[in-house]
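Start at 1 with the first residue, then count along the sequence. The structure displayed is predicted, hence computed values, not measured ones. These numbers come from the heavy atoms of this one structure, side chains and all, not from hydrogens, waters or symmetry mates.
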Amino acid sequence: MAEIATTGPAETGAEMDYGEHDRTFAGFVNFTKLGIVVCINIMVALIIFAFGSAGSSFLLGVVLTIMLLIAGAIGLAMNASWKPSAVVLALGLVFFVLTVV
């Protein structure tokens, strides 16, 4: 007797591709981490622009902005890795201490 294999949407009884679900969820989580770190970097750069000392704050803010754009692109190329942006965040916090405090 032939088996009836259901194809089509999962609602009609087709089998789920759990491996693909896991990969999609992992990508979503990694992209969310990257987005959070990039947003924090942007906030640090804005604080340096707004509250830093006169001459050096603009230059350091521009350098930090360029670095965070490059690190975000590298992070996206590395399957949404947040680690390059975390390095830039550490440097941005050092810039913050040098200019604002």
Side-chain angles (χ1 to χ4, degrees):
M1 197 157 131
E3 289 187 31
I4 299 174
T6 307
T7 59
E11 293 85 17
T12 61
E15 296 214 10
M16 301 290 287
D17 186 5
Y18 289 108
E20 187 63 31
H21 285 278
D22 290 339
R23 284 189 296 277
T24 301
F25 181 72
F28 172 76
V29 169
N30 288 336
F31 189 73
T32 301
K33 289 179 196 176
L34 175 65
I36 289 170
V37 174
V38 168
C39 286
I40 292 171
N41 276 334
I42 292 170
M43 296 303 291
V44 170
L46 288 174
I47 290 171
I48 290 173
F49 276 125
F51 299 114
S53 58
S56 64
S57 68
F58 180 76
L59 179 63
L60 288 177
V62 169
V63 168
L64 182 63
T65 303
I66 292 170
M67 286 174 28
L68 74 90
L69 289 172
I70 292 170
I74 291 171
L76 284 175
M78 295 174 56
N79 294 326
S81 175
W82 55 272
K83 294 175 185 176
S85 294
V87 172
V88 173
L89 177 61
L91 289 173
L93 293 175
V94 169
F95 290 171
F96 171 75
V97 169
L98 292 175
T99 58
V100 177
V101 176

K.L.:
Can you pull out every ring-ring contact (aromatic ring centres under 6.0 Å, His included) where at least one residue sits in residues 69-92? Sequence neighbours excluded, please.
P.N.:
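Found none.
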K.L.:
Go through the structure and list residues passing side chain to side chain contact (heavy atoms under 4.5 Å, CB included) with N30, not counting sequence neighbours.
P.N.:
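Counting only residues at least two positions away or on another chain, N30 forms a side chain to side chain contact (heavy atoms under 4.5 Å, CB included) with K33, A80.
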K.L.:
Under the side chain to side chain contact (heavy atoms under 4.5 Å, CB included) test against I36, which residue among T32, L34, V38 passes?
P.N.:
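So the option named by the test is T32.
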K.L.:
Does one hydrophobic cluster hold both V87 and V37, with members joined at side-chain heavy-atom distances below 4.5 Å?
P.N.:
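Hydrophobic grouping puts V87 apart from V37.
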K.L.:
Flag yes if L76 and V29 sit in one hydrophobic cluster, no otherwise; membership is Ile, Leu, Val, Met, Phe, Trp, Tyr, and two members link when side-chain heavy atoms are under 4.5 Å apart.
P.N.:
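No, L76 does not connect to V29 through the hydrophobic network.
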K.L.:
Tell me every residue that passes side chain to side chain contact (heavy atoms under 4.5 Å, CB included) with L89, counting only those two or more places apart in sequence or in another chain.
P.N.:
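Result, side chain to side chain contact (heavy atoms under 4.5 Å, CB included) vs L89: I40, N41, V44, L93.
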K.L.:
Enumerate the salt bridge (Lys or Arg N to Asp or Glu O under 4.0 Å) contacts for residues 22-31, please, sequence neighbours excluded, ordered by first and then second residue.
P.N.:
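Every pair satisfying salt bridge (Lys or Arg N to Asp or Glu O under 4.0 Å) with a residue in residues 22-31: E20-R23.
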K.L.:
Can you give each donor-acceptor pair under 3.5 Å made by side-chain atoms of residues 62-75, sequence neighbours left out, with the distance rounded to 0.1 Å?
P.N.:
from: T65; atom 1: OG1; to: G61; atom 2: O; distance (Å): 2.7

K.L.:
Working to the nearest 0.5 angstrom, can you tell me the gap between F95 CZ and I47 CD1?
P.N.:
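The CD1 atom of I47 is 15.0 Å from CZ of F95, to the nearest 0.5 Å.
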K.L.:
Which residue pairs pass the ring-ring contact (aromatic ring centres under 6.0 Å, His included) test with at least one member in residues 25-50, sequence neighbours excluded?
P.N.:
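Matches after skipping sequence neighbours: F49-F58.
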K.L.:
Got a sec: does the CG of D17 have more than 12 other heavy atoms crowding it under 6.0 Å?
P.N.:
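Atom CG in D17 is crowded, with more than 12 foreign heavy atoms closer than 6.0 Å.
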